[in-house]
Amino acid sequence: MHFACSILLMAADAPDEVAPPALVLGVLLVAAIFLVCIGIGIVLALLAAAILAVFVSLGIISVATVTTFLAGWRAGAKAMAVQIVAVAVAPLGIFALWQGNRWYGLGLSHLQILLQGGLVGMLAGFIWAFGLLHVLRLILCPKACSARHV
């Protein structure tokens, strides 16, 4: 980018020559593309920092790190995957309880919907994650799993 700007300035400094409009537009286009890419990078970095802050506040990163140190990388990855799925499914439990309260008139308060729906959603997420891990283990290593259950 610095090289393109110096070419543009050298072309504009010459008294008899004027920078061609295509060169000016080309430099402006390249500068705009660079600025857009830098902006997208900053937004993605902020999003990643926010997600990391949520994971740390929920204890997902710390539990996965401790599991990794105690039982190995594979167990740490499994622990992190199970916890991420459980946290991701929790809003679905809240939404399902909110809809049930609205349709059937259960008379639950907003706090009860948030707490009970979140807990039920996390429980469903844990069950779903462990079931998914079991199915993936059966798919990826069918002989080792079938020999263990004999």
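We're numbering straight along the sequence, starting at 1. Note that the coordinates shown come from a computational prediction; the quantities given were computed from them, not determined experimentally.
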Interatomic spacing from CD1 in Ile139 to CG in Leu132 - rounded to 0.5 Å: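 Here the interatomic distance stands at 8.5 Å.
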Side-chain touch Asn101/Leu97, heavy atoms, less than 4.5 angstrom: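 Contact flag for Asn101/Leu97 side chains = no.
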Gap separating the CE atom of Met122 from the CD1 atom of Ile94, nearest 0.5 angstrom: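 Those atoms lie 10.0 Å apart.
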Show which side-chain atoms of residues 73-88 pair as donor or acceptor with protein atoms under 3.5 Å away, not counting sequence neighbours.
none

Between CG on residue Leu123 and CH2 on residue Trp128, distance to nearest 0.5 Å: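 Leu123 CG to Trp128 CH2: 14.5 Å, rounded to 0.5 Å.
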Mutual orientation of the aromatic rings belonging to Trp98 and Phe95 [parallel < 30°, tilted 30-60°, perpendicular > 60°]: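 Rings of Trp98 and Phe95: tilted, 30 to 60°.
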Point-to-point distance, once rounded to the nearest 0.5 Å, from CG of Leu44 to CD1 of Ile51: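 Answer for the CG-CD1 pair, Leu44 versus Ile51, is 9.5 Å.
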Tabulate below the donor-acceptor pairs under 3.5 Å that side-chain atoms of residues 106-117 make, not counting sequence neighbours, or state none.
| residue | atom | partner | partner atom | Å |
| --- | --- | --- | --- | --- |
| Ser109 | OG | Gln112 | N | 3.3 |
| Gln112 | OE1 | Ser109 | N | 3.0 |

Joint cluster assignment, Val89 & Leu136, ILVMFWY side-chain distance < 4.5 Å: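 They do share one cluster, since a chain of ILVMFWY contacts under 4.5 Å joins Val89 to Leu136.
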Hydrophobic cluster identity match, Ile33 and Leu25, side-chain contacts under 4.5 Å: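 No, no single cluster joins them.
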In one Ile/Leu/Val/Met/Phe/Trp/Tyr side-chain cluster, 4.5 Å: Val36, Ile42: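 Result: no, two separate clusters.
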Verify same cluster id: Leu52, Leu47 (apolar side-chain graph, 4.5 Å):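 Yes, Leu52 and Leu47 fall within the same hydrophobic cluster.
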Exercise: identify the closest heavy-atom pair between Gly118 and Ala90: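 What the structure gives for the nearest pair is O-CB, 3.9 Å.
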